[in-house]
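To keep things clear, I will list the structure first and then write my remarks on it.
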Amino acid sequence: MNVVLASGSPQRSELLRKLGIDFEVVIPGIEELTGGEPEVEVLENARRKARTVERDGVVIACDTDVVLDGRALGKPADRGEAREYLDRMSGRAHVVMSGLVVLVDGEERSGLESTTVLFKQLSEAEKERYVRFGEWRGRSGGYAIQTLGSTLVERVEGSVSNVVGLPVGLLVELAPELLGGGSGA
């Protein structure tokens, strides 16, 4: 089965490799929607990515963002904005939301995954260290949970793979044939 990941994300590629899935990476290069309803935004961005690289077989496309106070934060533009995100999320819960679209021979299957992440109360030194470390670059919400960003987190409620950038449980539900199961929903 031909499988395409419509993403340049190394985290998404790593998750698929760990599942034992052989795939090709094709970076869709689309202009992502911003500023709207987060649920609509992430799903539509994933749909646009999938349709841009559509081909025979399976196409996997995902868009993930951090939602705080009902708004998607997006990726910080610079160190100052990364620090502002940490200030706003310190001691609070936020939602990591992903829209996932899987095309199986052109048939679209889609879903949303939401995971609640509670940040601990961060000291000024912790915030500065994280910003200096630079892991915030190119990351929705300005952090990555898989390395130093894990020190910011007090608790995760839901899918950890979703926070990394690809909701694996939802992926298998939408496309069980990826792991040798039957046809999807």
Side-chain angles (χ1 to χ4, degrees), residues 1-68 70-75 93-117 138-146 149 153 156-185:
M1 172 178 11
N2 183 38
V3 179
V4 174
L5 174 62
S7 173
S9 163
Q11 294 76 26
R12 290 183 181 130
S13 289
E14 181 67 19
L15 287 168
L16 286 181
R17 273 194 294 280
K18 286 181 176 178
L19 291 172
I21 297 171
D22 290 325
F23 62 97
E24 168 191 2
V25 170
V26 178
I27 301 171
I30 64 151
E31 176 106 13
E32 293 188 0
L33 298 175
T34 59
E37 289 293 318
E39 297 87 351
V40 173
E41 221 171 81
V42 295
L43 199 53
E44 184 57 28
N45 284 335
R47 183 172 290 117
R48 288 177 178 199
K49 291 174 186 180
R51 293 294 178 193
T52 298
V53 303
E54 187 173 351
R55 56 198 61 193
D56 289 339
V58 178
V59 175
I60 301 165
C62 187
D63 187 59
T64 301
D65 212 332
V66 169
V67 180
L68 183 67
R71 297 194 55 195
L73 292 180
K75 299 169 185 165
H94 60 271
V95 173
V96 176
M97 184 176 296
S98 292
L100 181 64
V101 172
V102 180
L103 303 178
V104 180
D105 294 325
E107 174 202 348
E108 181 178 312
R109 304 170 187 173
S110 64
L112 285 168
E113 183 82 34
S114 294
T115 303
T116 300
V117 178
R139 311 286 184 162
S140 295
Y143 77 98
I145 198 169
Q146 50 281 27
V153 175
V156 175
E157 297 172 6
S159 168
V160 174
S161 70
N162 182 47
V163 182
V164 173
L166 182 66
V168 171
L170 179 58
L171 175 63
V172 172
E173 181 182 316
L174 294 175
E177 55 268 56
L178 288 170
L179 299 181
S183 62

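Fair warning: this is a prediction, and the values are worked out from it, not measured in the lab. In this chain, numbering begins with 1 at the start of the sequence shown.
By the 4.5 Å heavy-atom criterion applied to side chains, Val102 and Val58 are counted as neighbours. Between Val163 and Val153 the shortest side-chain heavy-atom distance does not fall below 4.5 Å. In this structure the side chain of Leu73 never reaches within 4.5 angstrom of the side chain of His94, judged on heavy atoms. Contact annotation: the side chain of Glu113 never approaches that of Glu173 to less than 4.5 Å [non-hydrogen atoms, C-beta and beyond]. Residues Pro38 and Asp65 are not in side-chain contact: their nearest non-hydrogen atoms beyond the backbone lie 4.5 Å or more apart. Two residues are said to be in side-chain contact when any heavy atoms from C-beta on lie closer than 4.5 Å; Arg47 and Asp63 fail this criterion. The shortest distance between side-chain heavy atoms of Leu16 and Leu171 falls below 4.5 Å. You'll find the side chain of Arg48 reaches within 4.5 Å of the side chain of Leu33, heavy atoms only.
In this structure, the side chain of Arg109 does not engage the main chain of Glu107 through any donor-acceptor pair within 3.5 Å. Side-chain atoms of Glu108 do not come within 3.5 Å of backbone N or O of Val101 as any donor-acceptor pair. Put simply, the side chain of Asp105 never gets that close to the backbone of Asp56: no donor and acceptor are under 3.5 Å apart. A donor-acceptor distance shorter than 3.5 angstrom exists from the side chain of Ser161 to the backbone of Val168, with no hydrogens or angles considered. Remark: the backbone N or O of Ser98 is not paired with any side-chain donor or acceptor of Thr64 at under 3.5 angstrom. With Lys49 contributing its side chain and Cys62 its backbone, the two residues share a donor-acceptor pair below 3.5 Å. No donor-acceptor pair under 3.5 Å is formed between the side chain of Asn45 and the backbone N or O of Glu32.
For the atom pair Ile30 CD1 and Arg51 CZ, the distance stands at 13.0 Å (nearest 0.5 Å). Between atom OG of residue Ser114 and atom CD of residue Glu157 there is a gap of 12.5 Å, rounded to the nearest 0.5 Å. For the atom pair CG of Leu166 and CD of Gln11, the computed distance is 10.5 Å after rounding to the nearest 0.5 Å. If you take OG1 on Thr34 and NZ on Lys75, they are separated by 11.5 Å, rounding to the nearest 0.5 Å. We find the CD1-CE distance between Ile21 and Met1 to be 8.0 Å, quoted to the nearest 0.5 Å.
For Arg71, the CZ atom counts as loosely surrounded, since its 6.0 Å shell holds 12 or fewer non-hydrogen atoms of other residues, nucleotides or ligands.
Between Ala46 and Gly99 the shortest heavy-atom distance is CB-O, 3.3 Å. Taking both residues in full, the closest heavy atoms of Ala72 and Glu41 are given as CB-OE1, 3.8 Å, listed atom of the first, atom of the second, then distance. Nearest heavy-atom pair across Leu103 and Ala50 is CD1-O, 3.6 Å.
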Decide side chain to side chain contact (heavy atoms under 4.5 Å, CB included) for Ile60 and Phe23; before the verdict, give the C-alpha distance in whole Å, the side-chain angles of both, and the deciding distance to 0.1 Å.
CA-CA 10 Å; Ile60 301 165; Phe23 62 97; over 6 Å; no
For Ile145 and Val96, what are the C-alpha separation, side-chain angles and deciding distance, and is it a side chain to side chain contact (heavy atoms under 4.5 Å, CB included)?
CA-CA 11 Å; Ile145 198 169; Val96 176; over 6 Å; no
Determine, step by step, whether Val164 and Glu14 satisfy the side chain to side chain contact (heavy atoms under 4.5 Å, CB included) criterion, reporting the C-alpha distance in whole Å, the side-chain angles of both residues, the deciding distance to 0.1 Å, and the verdict.
CA-CA 10 Å; Val164 173; Glu14 181 67 19; over 6 Å; no
Where do Leu174 and Leu100 land on the side chain to side chain contact (heavy atoms under 4.5 Å, CB included) test, with the steps shown first?
CA-CA 9 Å; Leu174 294 175; Leu100 181 64; 3.8 Å; yes
